[in-house]
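Each chain gets a letter, A, B and so on, in the order its sequence line appears, and its residues count up from 1.
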Amino acid sequence: MALTREQLAQRVAQELQDGYYVNLGIGIPTLVANYVPKGMEVMLQSENGLLGMGQFPTEEEIDADLINAGKQTVTMATGASVFDSAESFAMIRGGHVDLTVLGAFEVDVNGNIASYMIPGKLIKGMGGAMDLVAGADNIIVTMTHASKHGVSKLLPHCTLPLTGKGCIKKVLTDLAFIEIKDGEFHLLERAPGVSVEEIVQLTAGKLVIPQHVPEMIL
Amino acid sequence: MAGFDKVVSSYEEAMAGLEDNMTIVSGGFGLCGIAENLIAEIKRKGTKGLTMVSNNCGVDDFGLGVLLPNRQIKKIVASYVGENAEFERQMMSGELEVELTPQGTLAEKMRAGGAGIPAFFTATGYGTPVAEGKEEREFNGRHYILEEAIIGDFAIVKAWKADRYGNLVFRKTARNFNPLAATAGKITVVEVEEIVEPGELDPDQIHTPGIYVNRLIQGTFEKRIEQRTVRSSAE
């Protein structure tokens, strides 16, 4: 069975470590915050200028001056700090954020990522995504393995305009956890109940399969 | 006005001198921390052919979006423009020129502009459409592109509090691009929720020193919320 959005978030959360500063992109990545293991302290960075993002506010707590990068109203966690956009991206570009999780339309065997634009169709802009992929070392891309029509999103070469070049090393899809190195995809784990054959079929870029591919533990 | 007193008495005075085809650098992230009343004044003036430098372009009836129906904006430099139907229509029809710029690069362009730095190298955008036509350099085995600074004829800024000398304090995430925009205007106009006397703000707590500020006005704000997300009190 392909992973649900919640399960994707659950698996990503296993990559968190105590004391990590983490930037979570909009969509599935945001859900990761719900699965921070008990007893672990993680601080969420929101690139509009908040380190230590808290949960959503109650009606009484709503403050128009306090939002996250998705423009949602939020609160501040204990020990939070606020700062301007240049400071925020100094953290990101300077490699101070321990883990970045973001979505994508396509990734390829050379670690290229396309996530911000479908020419002629969707032109909204990259927001902070180009800064995040260029600045961070530890990035996990979360995405569906293939389109609804079965077209692979793990490619030999990205077809859409790039968000970043050669910067992605880990991809978690609804079918598999994959590492990118030496111009190849390497299959690390498969989603529970998903066969290696299924993953092979839906991976267009070169995929290296070890003898034993463990099932994800959620 | 005398000495360091930056306070002006009307929005008309605040935006005096704004002419067609000028460049305006704007603070704000989405609808958070935007200079609502200065934008309304630009709309009232009907100034046209503007180049707006702003992370976003508002929504259809609020923020910079209100300058779109009368075609006041010729070009926008922004990182994300996705919330606005009229914007999309003008962009697709070619009436509006859009220069998509990564958010961190945009912030740094303003910061550099205000700090007298003409350009800087960044890894952001290397190998992407953003790099087209830009100089590339390698430092310690990593690739970088050259991005040029931005200075506006005007900067429009929203702060929380100010003293009459234009020392500014921002509030929570309404700070965002505002302190950077404040440095990057030939004429920087700031609107705030409260103006106090010099000496009433703790010098240690000032985010933007008054040297960057030319005009200051106190306004009232709607502070519209774009994505109202709540949890129930019981959780």
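- Proximity of B:Thr122 to A:Arg93: side-chain heavy atoms (C-beta onward) are separated by under 4.5 Å at one or more points.
- Looking at A:Ile62, only its side chain comes within 4.5 Å of chain B, counting heavy atoms on both sides.
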- request: Could you walk me through whether A:Phe89 and B:Gln103 pass the side-chain contact (heavy atoms from CB on, under 4.5 Å) test, one step at a time?
  value: CA-CA 8 Å; A:Phe89 282 92; B:Gln103 202 173 321; 3.5 Å; yes

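- Side-chain atoms of A:Asp84 do not come within 3.5 Å of backbone N or O of B:Pro179 as any donor-acceptor pair.
- Only the side chain of B:Met92 comes within less than 4.5 Å of a heavy atom in chain A; its backbone stays farther off.
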message: Is there a side-chain contact (heavy atoms from CB on, under 4.5 Å) between B:Asn56 and A:Lys71? Walk through the geometry before answering.
response: CA-CA 11 Å; B:Asn56 315 92; A:Lys71 292 157 190 137; 3.4 Å; yes

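- Counting heavy atoms from C-beta on, the side chains of A:Thr73 and B:Gln227 never come closer than 4.5 Å.
- Contact annotation for A:Glu61: only side-chain heavy atoms (C-beta onward) come within less than 4.5 Å of a heavy atom of chain B.
- For chain B, the nearby part of A:Met76 is the side chain; its heavy atoms alone come within less than 4.5 Å.
- Taking the side chain as every heavy atom from C-beta outward, B:Tyr126 and A:Cys167 never approach each other to under 4.5 Å.
- Within the 4.5 angstrom heavy-atom criterion, atoms from both the backbone and the side chain of B:Thr105 approach chain A.
- Among B:Ala78, B:Ser79, B:Gly30, the residue with the largest count of heavy-atom pairs under 4.5 Å with chain A is B:Ser79.
- For B:Glu222, the CD atom sits in a packed shell: over 12 heavy atoms of surrounding residues, nucleotides or ligands are nearer than 6.0 Å.
- Heavy-atom neighbours of A:Tyr21 OH from other residues, nucleotides or ligands within 6.0 Å: at or below the threshold of 12.
- Of the two parts of A:Thr163, only the backbone, made up of N, CA, C and O, holds a non-hydrogen atom closer than 4.5 Å to a non-hydrogen atom of chain B.
- Atom CG of A:Asp137 is surrounded by 12 or fewer heavy atoms from other residues, nucleotides or ligands within 6.0 Å.
- Ion pairing of A:Asp63 with B:Arg171 is present here, as a side-chain N (NZ or NE/NH1/NH2) and a carboxylate O approach within less than 4.0 Å.
- Contacts of B:Asn84 with chain A are absent, with no heavy-atom separation under 4.5 Å from either backbone or side chain.
- Chosen from B:Asn178, B:Leu180, B:Thr124, the residue pairing most often with chain A at heavy-atom distances under 4.5 Å is B:Thr124.
- Using a 4.5 Å cut-off between heavy atoms, A:Asn68 touches chain B through its backbone atoms (N, CA, C, O) alone.
- The candidate from B:Arg228, B:Arg111, B:His143 with the greatest count of non-hydrogen atom pairs under 4.5 Å with chain A is B:Arg228.
- When each of A:Ala114, A:Gly49, A:Ala64 is scored by its heavy-atom pairs under 4.5 Å with chain B, the top score falls to A:Ala64.
- Checked against ring-ring contact (aromatic ring centres under 6.0 Å, His included), A:Phe83 has no partners two or more places apart in sequence or in another chain.
- Surrounding CD1 of B:Ile211 are at most 12 heavy atoms belonging to other residues, nucleotides or ligands under 6.0 Å away.
- Summarising the local packing, CZ of A:Phe105 is surrounded by more than 12 heavy atoms from other residues, nucleotides or ligands at distances under 6.0 Å.
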